[in-house]
Structures are given as C-alpha cells and as structure tokens.
Amino acid sequence: MYPLVSSQSSLAQMSASFSQPLAFADFGSSYLTGVLVLTTAAKIVLTLAVTIGIRQDAVRLREAGVGTLFFGPFGWPVVAFCVSLLGSVAGALAIIAIYWLIHYSTFRRH
C-alpha cells in the first residue's frame, strides 16, 4: 500500500501550499464586493417595490369590492416579500405573474 505522504518534508510543503492564498483571491476582491453589494441592494429594492405594488393593488381591489383570492390585502404582500426575498429576480417576476393570473386574467370569474 502506498503512503499518502512519503516524508515529513513533503507534508510541510503541502501544508505551506495550502496556507498561502490563491493567486486570484486578491485580484478584484473589492470589485467583487462592490458587485455583491450592488446586486443585493437591487434585490432589496426590487423586493420592496413588488411588495408595495401588490399591497396597493390588493387594497384597491378590496375597496372596489372585488377582493383578492387566497390571501387578503395583508397576506399577499407577505407572500410576495418572502418569495421575492428568498428567490431572485425570477422569484419577483413569478409572484407578479401569479398575482396577475389570479386577479386580472380570464381565469378569474367576474
């Protein structure tokens, strides 16, 4: 059977190579941090915009006497917030599409 490490010197060399940072770790780390901050901020703004928009529309539907299905005017924004925050931009677009299909498409009987 072959040993994993043949000598103490090779073990020391292997240990030293793992303790050094990777060559690309320093390149653009501030750039990547900036991109992460901007995309996170954009996701939060999008989530809040979707949540506020759905909340306002749900209240308007309730005041018009139509009402909302499945959730009330306070439930839909919570669902929208959770789906948008846990998902991505696709999650926000999906909740908008689902809300529209339920409340404005021909699937709903008037």
Side-chain angles (χ1 to χ4, degrees):
M1 187 166 254
Y2 297 104
L4 292 175
V5 178
S6 62
S7 69
Q8 291 292 355
S9 64
S10 63
L11 180 61
Q13 290 172 350
M14 210 164 98
S15 171
S17 69
F18 284 124
S19 65
Q20 295 175 353
L22 296 174
F24 63 85
D26 291 334
F27 175 72
S29 62
S30 62
Y31 171 76
L32 294 176
T33 303
V35 168
L36 180 64
V37 167
L38 288 176
T39 55
T40 302
K43 183 178 179 180
I44 290 170
V45 168
L46 179 67
T47 298
L48 290 174
V50 168
T51 303
I52 291 169
I54 287 179
R55 164 89 167 82
Q56 289 176 345
D57 189 66
V59 168
R60 187 186 61 75
L61 286 175
R62 183 185 64 184
E63 289 172 354
V66 178
T68 57
L69 297 176
F70 302 118
F71 305 106
F74 299 104
W76 271 106
V78 170
V79 170
F81 182 78
C82 292
V83 169
S84 297
L85 196 60
L86 294 176
S88 59
V89 173
L93 295 176
I95 197 67
I96 291 170
I98 291 168
Y99 182 83
W100 181 85
L101 280 171
I102 291 172
H103 296 101
Y104 290 101
S105 71
T106 57
F107 292 128
R108 181 172 183 173
R109 288 186 256 171
H110 294 282

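Below, all heavy atoms of this structure are taken into account, side chains as well, without hydrogens, waters or symmetry copies.
Separation of atoms OG1 (T51) and CG (L46) is listed at 9.0 Å; rounding is to 0.5 Å. Rounded to the nearest 0.5 Å, atoms OG1 (T68) and CZ (F74) are 10.5 Å apart. Atom NZ of K43 sits about 9.0 Å away from atom OG1 of T39, to the nearest 0.5 Å. L61 contributes atom CG, which lies 4.5 Å from atom OH of Y99 (distance to the nearest 0.5 angstrom). With rounding to the nearest 0.5 Å, the separation of CG in L101 from CD1 in I96 is 12.0 Å.
Every residue two or more places apart in sequence or in another chain was checked for a ring-ring contact (aromatic ring centres under 6.0 Å, His included) with F70, and none qualifies. Applying the side chain to side chain donor-acceptor pair (under 3.5 Å) rule to R60 yields the partners D57, Y104; only residues at least two apart in sequence or on another chain are considered. Taking L48 as the reference, I44, F81 meet the side chain to side chain contact (heavy atoms under 4.5 Å, CB included) condition, with sequence neighbours excluded.
Both W100 and I98 belong to a common hydrophobic cluster when Ile, Leu, Val, Met, Phe, Trp and Tyr are linked at side-chain heavy-atom distances under 4.5 angstrom. Clustering ILVMFWY residues whenever any of their side-chain heavy atoms sit less than 4.5 angstrom apart, transitively, puts V59 in a cluster other than the one holding F71. L93 and I54 end up in the same hydrophobic cluster when Ile, Leu, Val, Met, Phe, Trp and Tyr side chains are linked at under 4.5 Å. Residue I52 is not grouped with residue I95 when hydrophobic side chains (ILVMFWY) are merged at heavy-atom distances under 4.5 angstrom, including chains of intermediate members.
Looking only at distances, a side-chain donor or acceptor of H103 sits under 3.5 Å from a matching main-chain atom of L69.
Taking every heavy atom of both residues into account, A58 and P73 meet most closely at CB-CA, 3.6 Å. Minimum heavy-atom separation, V50 to A80: CG1-CB, 4.2 Å. Heavy atoms only, all atoms of each residue included: P77 and R55 are closest at CG-CB, 3.4 Å.
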